[in-house]
2 protein chains.
Amino acid sequence: MSHQKSTATGGSKPRQSARERAYEMIGSAILAGTFAEGEFLDEAVLAREVGTSRTPVREALHRLQAERFVELVPRRGAQVRVVTATEMREIYQARFVIESDAITKICDRRLGPPPETRELIEAMETAGRNRNWNEFSQLDQVFHSSIVRHQGNAVLGEIYDSLRPRQVRLGVRTLTEGPERLSIIEREHRELEAALEGHDGPLSTSILNVHIQEVPKLVQAFSR
Amino acid sequence: MSHQKSTATGGSKPRQSARERAYEMIGSAILAGTFAEGEFLDEAVLAREVGTSRTPVREALHRLQAERFVELVPRRGAQVRVVTATEMREIYQARFVIESDAITKICDRRLGPPPETRELIEAMETAGRNRNWNEFSQLDQVFHSSIVRHQGNAVLGEIYDSLRPRQVRLGVRTLTEGPERLSIIEREHRELEAALEGHDGPLSTSILNVHIQEVPKLVQAFSR
DNA sequence: TGGATGCACCGTGTATACAAGGTGTCCACA
DNA sequence: TGTGGACACCTTGTATACACGGTGCATCCA
């Protein structure tokens, strides 16, 4: 999704389209919890706030529907989707199904970890030390995504990535509320890398299983 | 996706929106191969053909992008996506990953096949006898989707269903070109039902594996 | 004759005006 | 006082007009 342009990407203005601005503003507003869950969004109001007409706003809302941020009810408008604890668990289960499959295949074919793994792990540890949660979160996504894509199936790669924006909705919150988990995450990443290096499928999968369960466990603590 | 409304659904007009009409017309035109792969679609032309203005057409194109039918190139427009044999294989692999996971869990929990299974199998055999390929194809989707959803994870269910429109793009073609495969498909469905009934995970999975490979094998025959 | 530059045309991106449908309120009547 | 219906307002759905940017062609210069 790439809300909140990272410091690196936010350079010169590439003449961002109005639709893109609307998409990012509305998307991050939902992430930030500006709108109540279940609330209907008024296109005209949004347009005013973004500083454009309704047209780009409508297109942004359609994209947000595709990403499951809102529900488009005919003649009623865009309703902010309610994210339940159940759905969160399902998203993480889905992640595990796809990523563990990738890991198994990577080990079967003795591919080893993706080449950029080491670099990513170190970048994450730096971001962690600097308490830069957004950066940390994004790098975590790249780390896992690179594993899934290393397996070679682009369709599964896309699907895996599409789960990201949905989990981010709670991910940042959980991360900032439990930063002591950071060292655990980092250790697990290194363990996973080592297991992939050793082409040990079952071990890799069990590490991933524990690793991915980390977050939903946290979520459940303060779920509705 | 529900192009070509089935005979059952096509009853009285529920005041279908212009966007929906545009979506179905353009979508089925792509399925029918009316446009060349890689071709850029002209919004104004499409609007004229659908009988509406450009606005609903644009919204339809955005949805078709989400479903991977077209690629939206900024300032250039909607390009009909090229479907390669590789991508087809990847889609079927993805299906297998999700559905086999569902099957394994269904057997682990001793849930048995979904209640509607028997009914669906019989409806498919009727459709097959009547050489009604669209009906057959849709029922096949419902059959497999019901298995995935029987496992209980709605997110994985949605993802699985989203793969459908993409594979339909070649599915109908392969079906009409190889109708002798019909009895094989029907037999495998019954075998799968029996294996689920017996809570036999490995057997169910291996049946599914063979079953799902059927189509991409056909595809490869006349791939580029 | 080949390449580069500028201009014109065309198609997408955005804004705005208009149409249609639904929701809530207010009034009338039981 | 409660309930039912009609009307008005408000919001989405669609059409159209305008702005912006890119592509391709033609012309000019080397």
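So you know, we letter chains A, B, ... as the sequences are listed, proteins then strands, and number each from 1. Excluded from the calculations below are hydrogen atoms, water molecules and symmetry mates; all remaining heavy atoms, backbone and side chain alike, are included.
The cationic group of R95(B) does not satisfy the cation-pi geometry with Y160(B), failing either the under 6.0 Å distance to the six-membered ring centre or the 45° limit from the ring axis.
Between H211(B) and H144(B), the angle of the ring planes stays under 30°, which puts this pair in the parallel group of the 30/60° scheme.
For S53(A) and R48(A), the side-chain atoms include no donor-acceptor pair closer than 3.5 Å. Between the side chains of E67(A) and Y23(A), at least one donor N or O lies within less than 3.5 Å of an accepting N or O.
To the nearest 0.5 Å, atoms CD (E71(A)) and CD (Q79(A)) are separated by 7.5 Å.
A salt bridge is absent between R68(B) and E87(B): the closest approach of a Lys/Arg side-chain nitrogen to an acidic carboxylate oxygen does not fall below 4.0 angstrom. Ion pairing between a basic and an acidic side chain is recognised when a charged N comes within 4.0 Å of a carboxylate O; E37(B) and R81(B) show no such pairing.
The interatomic distance linking Q79(B) (CD) with dT12(C) (C1') rounds to 15 Å, in whole Å.
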Fill in the blank from the handout: Under a 4.0 Å heavy-atom criterion, the protein footprint on nucleotides 9-19 of chain D, written with B, S and -, is --SBBBBBB--
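Here the side chains of Q93(A) and Q151(B) are in contact, with some heavy-atom distance below 4.5 Å.
Note on the helix from dT1(C)-dA30(D) to dA30(C)-dT1(D): angle between the axes of the first and last five pairs equals 10°, rounded to 10 degrees.
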